[in-house]
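Input: a single structure, listed below in structure tokens.
As a basis for the values below, the full set of heavy atoms in this structure was taken, side chains included, without hydrogen atoms, waters or symmetry mates.
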Amino acid sequence: MTFMHEPFGYNPPKSEPVMARIFEGCGIMGAKAHIADGSIDVVINDPPFGIKGDVIGSEYRNQGKTRNVIAGYVEIPREQYQDFAFSTVAEVARVLRPGGSAYFILSFQTMHHFICAIEEHGLILRNNIVWQYPGIWQDHKYTVGHHNIIYVIKPPLAAVWFDPYARYGDSKKSYADRMDVWTDIPQKKHHNGEIRNMNSLPDGLVEKMLAYSSRPGDTVLDMFLGEFTTAKVALKMGRSVFGFEINPHAVKTFAPTLKGNVEVTRLNPAMSNRLTWRSSKSEAFCDV
């Protein structure tokens with residue numbers, strides 16, 4: 001693995017092309033600076049939900065419930081979430097190729113901002129997938145046991161790649177697998193003592209999305225890498241990756257776990273100060 005500072009100028013040996021380009025810094029500004037228009041086949045984004053995840057994480061660590069969770073999770077204040085959603089979707093719409101696909105894993109509490117942004121930027125909403133899993137007991141309301149996965153495409157429809165037979169061929173199991181309620185993918189489990197991120201996607205979730213919406217050799221983007229699941233799974237499936245993660249603790253912990261020719265670049269932390277998103281341990285600057 002090669003670690004770099006700006007500028008982005010590393011030329012890998014031709015016999016071993018770079019399969020993953022990882023950037024430590026803001027995914028929005030980083031994408032603007034480093035990803036060309038129409039160059040991405042699939043986007044998988046699991047952004048902060050705007051529900052005080054940094055506060056929850058700090059409380060859990062103080063109580064000893066998540067002592068193996070890394071610090072530095074960057075949350076988006078609710079009053080800034082609309083700007084954040086529109087800026088994120090604007091970059092997704094720009095970098096996707098015509099016919100490209102994007103998946104957004106979202107909370108029901110703030111997903112409306114992303115849906116409005118998707119419509120505003122000319123993307124087409126194809127499905128609202130419900131990813132169901134065992135929830136956490138709630139005393140004063142119904143237990144939340146799912147996330148919403150918004151599947152969108154960039155016109156034209158004729159250029160979209162979606163292989164309905166990618167996982168189970170022409171069978172009854174294939175039909176069931178493509179229902180828009182996913183009940184067969186549990187949340188990610190960690191072994192005792194394993195270092196983990198505040199939130200993380202299970203491998204099976206990413207595998208399913210990439211199997212249907214991409215082919216070997218395609219390029220995948222994740223603007224909020226977190227525990228680097230998208231990058232790890234995409235590389236395993238023969239895709240190349242662009243990824244961004246604003247939390248330096250996450251980059252330091254999870255980037256070295258990627259296999260293959262991986263390039264890591266630290267972006268300039270002083271890109272802008274229009275918005276300051278505070279994490280539990282640090283400040284993160286990102287211009288939207």
Side-chain angles (χ1 to χ4, degrees), residues 17-23 27 31 34-47 88-89 91-106 114 118 121 123-129 131 147-171 173-175 177-180 182 184-185 188 200-245 258-263:
V18 171
M19 293 301 294
R21 290 182 169 87
I22 305 301
F23 299 86
H34 291 285
I35 300 185
D37 295 0
S39 62
I40 301 296
D41 297 291
V42 181
V43 176
I44 297 179
N45 275 345
D46 181 20
T88 300
V89 174
E91 282 306 296
V92 171
R94 181 184 67 79
V95 303
L96 273 180
R97 66 165 177 81
S101 302
Y103 293 84
F104 298 91
I105 296 93
L106 303 170
F114 272 90
I118 287 165
H121 290 287
L123 301 177
I124 299 174
L125 178 62
R126 299 291 281 171
N127 288 103
N128 176 20
I129 299 164
W131 170 35
H147 286 323
N148 296 277
I149 303 176
I150 304 301
Y151 165 52
V152 305
I153 57 103
K154 182 176 180 177
L157 184 59
V160 174
W161 175 262
F162 186 89
D163 182 0
Y165 309 117
R167 279 164 56 91
Y168 298 109
D170 186 8
S171 67
K173 192 171 184 179
S174 177
Y175 174 82
D177 194 58
R178 287 183 286 110
M179 296 295 291
D180 62 3
W182 295 356
D184 59 338
I185 303 175
K188 190 168 187 175
S200 56
L201 299 177
D203 291 9
L205 192 72
V206 177
E207 287 171 359
K208 186 169 184 174
M209 292 184 282
L210 289 181
Y212 284 120
S213 293
S214 71
R215 293 164 284 190
D218 279 355
T219 302
V220 179
L221 167 66
D222 187 341
M223 297 166 68
F224 312 95
L225 279 166
E227 204 166 295
F228 284 55
T229 303
T230 298
K232 180 181 71 173
V233 172
L235 290 173
K236 180 181 177 182
M237 296 177 68
R239 282 67 167 163
S240 59
V241 180
F242 281 93
F244 297 86
E245 174 53 49
L258 299 178
K259 297 179 180 180
N261 195 2
V262 180
E263 176 184 287

So, do M209 and V42 sit near enough that their side-chain heavy atoms are less than 4.5 Å apart? no
Would you call the rings of F104 and F114 parallel, tilted or perpendicular if under 30° counts as parallel and over 60° as perpendicular? tilted
Backbone of S214 reached by a side-chain donor or acceptor of R239 within 3.5 Å: yes
For residues S174 and P164, determine if any side-chain heavy atom of one lies less than 4.5 Å from a side-chain heavy atom of the other. no
Straight-line distance of T88 OG1 to H121 NE2, nearest 0.5 Å: 9.5 Å
Of all the heavy-atom pairs spanning A166 and A211, show the shortest one and how long it is. CB-O, 3.2 Å
If we only count heavy atoms from C-beta on, is the L125 to I150 side-chain gap below 4.5 Å? yes
Going by heavy atoms in the side chains, are I129 and K208 under 4.5 Å from each other? no
May I ask you to test the V92-I40 pair for a side-chain heavy-atom distance under 4.5 Å? no
What is the distance from atom CG of D222 to atom CD1 of I44, rounded to the nearest 0.5 Å? 7.0 Å
Using modelled atom types and a 3.5 Å cut-off, is there a donor and acceptor pairing between side-chain atoms of T229 and backbone atoms of L201? yes
Test ring pair (Phe, Tyr, Trp, His ring centres under 6.0 Å) applied to Y103 - qualifying residues, sequence neighbours left out: Y151
Checking R178 side chain against Y212 main chain: does a donor-acceptor pair fall under 3.5 Å? no
Indicate yes or no: at least one non-hydrogen side-chain atom of K154 is less than 4.5 angstrom from one of R97. no
Got a second to check how far L221's CG is from I35's CD1, nearest 0.5 Å? 4.5 Å
Do E227 and K232 have side chains that get closer than 4.5 Å, going by heavy atoms? no
With no hydrogens and no angle check, is any side-chain donor or acceptor of N261 less than 3.5 Å from a backbone partner on M19? no
When you measure from the side chain of E245 to the backbone N and O of G226, does any donor-acceptor pair fall under 3.5 Å? yes
Taking the side chain as everything from C-beta on, heavy atoms only, tell me whether P47 gets closer than 4.5 Å to L106. yes
Any chance you could measure L157, atom CG, to F162, atom CZ, to the nearest 0.5 Å? 12.0 Å
What is the distance from atom CZ of F228 to atom CD1 of I22, rounded to the nearest 0.5 Å? 5.5 Å
Is the centre of the H34 ring less than 6.0 Å from the centre of the F23 ring? yes
